[in-house]
Protein chains: 2
Amino acid sequence: MDIGKQYYPAMRISQLSAESGVPIPTIKYYLREGLLPQGDQTSATRAEYDQEHLRRLRLIRALLEVGRLPVAAIRQVIAAVDDERIDFHDMLGTAHYALSTPVEPHPEDEDWREARELVDRMIADLGWGVHPLAPTRNELAQTVVTLKRLGMPTSQEDLLPYASAAHDLVRDLDITKIPFDGPRDVAVETLVICEVLYGKAFDVLRRLAQESESTRILDVTPCSDDGASKVTRQGAHRDA
Amino acid sequence: MDIGKQYYPAMRISQLSAESGVPIPTIKYYLREGLLPQGDQTSATRAEYDQEHLRRLRLIRALLEVGRLPVAAIRQVIAAVDDERIDFHDMLGTAHYALSTPVEPHPEDEDWREARELVDRMIADLGWGVHPLAPTRNELAQTVVTLKRLGMPTSQEDLLPYASAAHDLVRDLDITKIPFDGPRDVAVETLVICEVLYGKAFDVLRRLAQESESTRILDVTPCSDDGASKVTRQGAHRDA
DNA sequence: ATCCATCGATAGCTTTACTATCCAATTATT
DNA sequence: AATAATTGGATAGTAAAGCTATCGATGGAT
């Protein structure tokens with residue numbers, strides 16, 4: 001038997017479901033879709049799963065629910081991890097690009113070309129090592145175009161403070177958490193978790209800060225209880 | 001006639017469609033859904049639209065495509081703007097909360113309670129004026145729980161650098177763009193644009209920085225052309 | 001007078017992420 | 001050994017979201 005797995009007690013699909021809270025049909029679906037590796041098949045009607053599967057399952061749910069990534073993107077990340085022909089660096093690149101929303105370029109559009117040039121120039125000015133064909137470039141260009149169309153034209157100068165804040169966070173925090181010298185799957189998993197979950201955390205923190213600042217500017221009792229009507233009165237929650 | 005609208009040339013739905021690139025049936029759908037206000041109905045089969053409609057339409061598309069907000073959330077924001085009974089501050093609050101993904105609390109779960117306490121304590125320690133019932137608190141708590149479940153437990157200390165970076169950006173940049181003294185619709189629109197589009201921009205910048213840093217750490221020719229195979233070989237784009 | 005766009009209503013479509021049902025093959029229970 | 005329960009594998013059905021298509025009546029344009 002595999003020494004490396006001796007600490008992982010085997011379980012059946014029903015236990016996997018119970019531990020993770022994910023219904024059995026959904027687990028089967030993930031197996032079909034290649035998100036979750038097949039269990040150790042001991043007979044025609046029996047397969048065993050271990051802690052790895054549980055962990056993977058939790059990762060899938062986190063990416064789906066917190067990161068709101070499409071199943072297809074998750075599959076790509078996983079495929080890159082499992083494809084041993086892809087080297088470490090390219091694997092991380094694949095993971096990176098799977099996380100970006102694909103944006104098709106519109107080189108015929110004047111605004112678009114200008115935005116893309118802004119992005120390329122900024123990346124070059126910052127000295128960032130970003131692949132010239134990275135889809136992320138188009139994603140940012142698209143955002144810049146949209147801002148312009150909405151009447152908030154954005155220059156490199158406007159974007160730079162965000163860029164350096166992002167760089168600082170990544171350099172000092174995110175990247176230090178990634179075990180580049182460890183096994184492939186752990187590294188890429190950590191990278192994805194960092195990008196998606198810390199990304200989410202930052203996003204929420206930003207919205208919290210925005211609320212705090214607009215409350216501060218608009219006067220009012222910054223955090224007193226009398227404002228409780230604000231939430232209940234309007235039912236501002238999206239669907240809950 | 002309305003003096004305030006004399007500079008806005010009227011157009012028919014077909015022109016609105018042509019200008020915005022949004023198909024007519026889709027515009028009708030937005031009208032039905034209350035995302036887009038009805039045009040000026042001049043007869044049973046004729047209505048006139050103006051630049052406001054065009055602007056609103058672009059905003060809707062930006063929130064949908066860039067911000068990936070659900071239609072229901074967009075409708076909530078719009079409803080709050082149009083409801084004159086809601087005061088300025090509550091309107092912004094509604095907008096804020098419409099942007100958050102609803103998360104139902106699990107007070108029975110130990111992890112969840114702990115995470116929520118962490119969030120509350122941090123907000124208090126930072127002195128932020130965030131509503132005690134803000135759904136954003138649960139959103140962050142959920143993220144913290146998920147991180148823990150994935151084996152990356154997160155303390156207040158871990159989160160604080162992100163929080164202060166977020167606060168800095170908001171205080172120095174985002175919030176200065178919002179015309180709090182202007183008309184309701186402009187203020188809330190700007191707020192939403194800032195949150196969603198600058199949020200997106202930052203997210204992309206973070207991913208760019210991550211790519212740059214992992215490239216730097218993993219050795220390799222930081223940005224040379226020989227890596228072009230990375231993108232093409234794997235077809236790393238999500239679905240394009 | 002004729003044609004064409006528009007309105008309003010309704011129904012249909014597409015994608016995504018599940019969820020449910022069946023059946024044969026075990027495996028467990030009695 | 002008989003019977004009940006569980007699993008895997010296959011297939012089909014479902015629900016929600018976001019459009020898209022069609023139709024008939026109307027009314028302005030030529």
Side-chain angles (χ1 to χ4, degrees), chain A residues 10-50 53 56-78 98 101-102 238-240, chain B residues 10-50 53 57 59-78 98 101-102 238-240:
Chain A
M11 31 181 178
R12 309 218 188 78
I13 198 171
S14 53
Q15 292 172 273
L16 194 56
S17 168
E19 297 263 347
S20 63
V22 178
I24 292 180
T26 306
I27 296 179
K28 286 183 172 186
Y29 166 68
Y30 294 156
L31 287 166
R32 281 200 302 281
E33 292 292 313
L35 300 194
L36 201 58
Q38 298 291 337
D40 218 23
Q41 193 118 10
T42 61
S43 85
T45 61
R46 204 121 297 199
E48 292 185 335
Y49 305 89
D50 58 23
H53 290 90
R56 169 68 61 87
L57 197 44
R58 286 205 250 255
L59 178 64
I60 292 169
R61 297 301 283 202
L63 298 184
L64 278 171
E65 291 169 2
V66 180
R68 296 162 42 93
L69 284 188
V71 164
I74 300 175
R75 184 169 39 224
Q76 276 191 341
V77 174
I78 285 166
T101 309
R238 198 138 82 207
D239 44 34
Chain B
M11 33 181 178
R12 310 226 184 78
I13 199 172
S14 54
Q15 291 172 272
L16 194 56
S17 167
E19 297 263 348
S20 63
V22 178
I24 292 179
T26 306
I27 296 180
K28 287 184 173 186
Y29 166 67
Y30 294 155
L31 286 166
R32 280 201 302 280
E33 292 293 311
L35 301 194
L36 201 58
Q38 297 293 333
D40 219 23
Q41 192 117 11
T42 60
S43 83
T45 61
R46 202 122 301 196
E48 291 187 335
Y49 305 89
D50 58 24
H53 289 90
L57 197 43
L59 177 64
I60 293 168
R61 298 299 283 202
L63 298 184
L64 280 171
E65 292 170 1
V66 179
R68 295 161 44 94
L69 285 188
V71 165
I74 300 176
R75 184 170 37 224
Q76 277 192 341
V77 174
I78 286 167
T101 309
R238 198 138 83 207
D239 43 36

Handout entry: Considering all heavy atoms, the nearest A/Leu36-A/Arg56 contact
Key = CD1-CG, 3.4 Å
Exercise for the section: Give a yes or no on whether a salt bridge exists between A/Glu48 and A/Arg12, defined as a side-chain N under 4.0 angstrom from a carboxylate O. Expected result: no
Practice task
Check whether any side-chain nitrogen or oxygen of B/Gln38 sits under 4.0 Å from OP1 or OP2 of C/dC7, and answer yes or no.
Solution key: no
Exercise for the section: Counting heavy atoms from C-beta on, name the nucleotide in D/dG9, D/dT20, C/dA25 closest to the side chain of A/Gln41. Expected result: D/dG9
Exercise for the section: Give a yes/no on whether any side-chain N or O of A/Ser14 is located under 4.0 angstrom from OP1 or OP2 of D/dT7. Expected result: yes
Practice task
Verify the contact: side-chain N or O of A/Arg68 to OP1 or OP2 of C/dT16, cut-off strictly under 4.0 Å; return yes or no.
Solution key: no
Problem - Closest to the B/Arg46 side chain, choosing from C/dT6, C/dC18, D/dT7 - result: C/dT6
Practice task
Check whether any side-chain nitrogen or oxygen of A/Ser43 sits under 4.0 Å from OP1 or OP2 of C/dT27, and answer yes or no.
Solution key: yes
Fill in the blank from the handout: Rounding to 0.5 Å, atoms CD1 (A/Ile78) and CG (A/Leu35) come to a distance of 5.0 Å
Exercise for the section: Under 4.0 Å between any heavy atoms, over every strand shown, what does A/Arg75 touch: base, sugar-phosphate, or nothing? Just pick one. Expected result: nothing
Problem - Distance-only side-chain donor-acceptor flag, B/Tyr30 / B/Arg75, under 3.5 Å - result: no
Problem - Check: B/Arg68 main-chain N/O paired with A/Arg68 side-chain donor or acceptor under 3.5 Å - result: yes
Completion exercise
Numerically ordered, the residues 24-37 of chain A set in heavy-atom contact under 4.0 Å with DNA chain C is A/Pro25, A/Thr26, A/Tyr29, A/Tyr30, A/Arg32
Completion exercise
Side-chain atoms of A/Val71 come closest, of C/dC7, D/dG8, C/dA17, to C/dA17
Fill in the blank from the handout: CZ of B/Arg61 to CD1 of B/Ile74, rounded to nearest 0.5 Å, is 10.0 Å
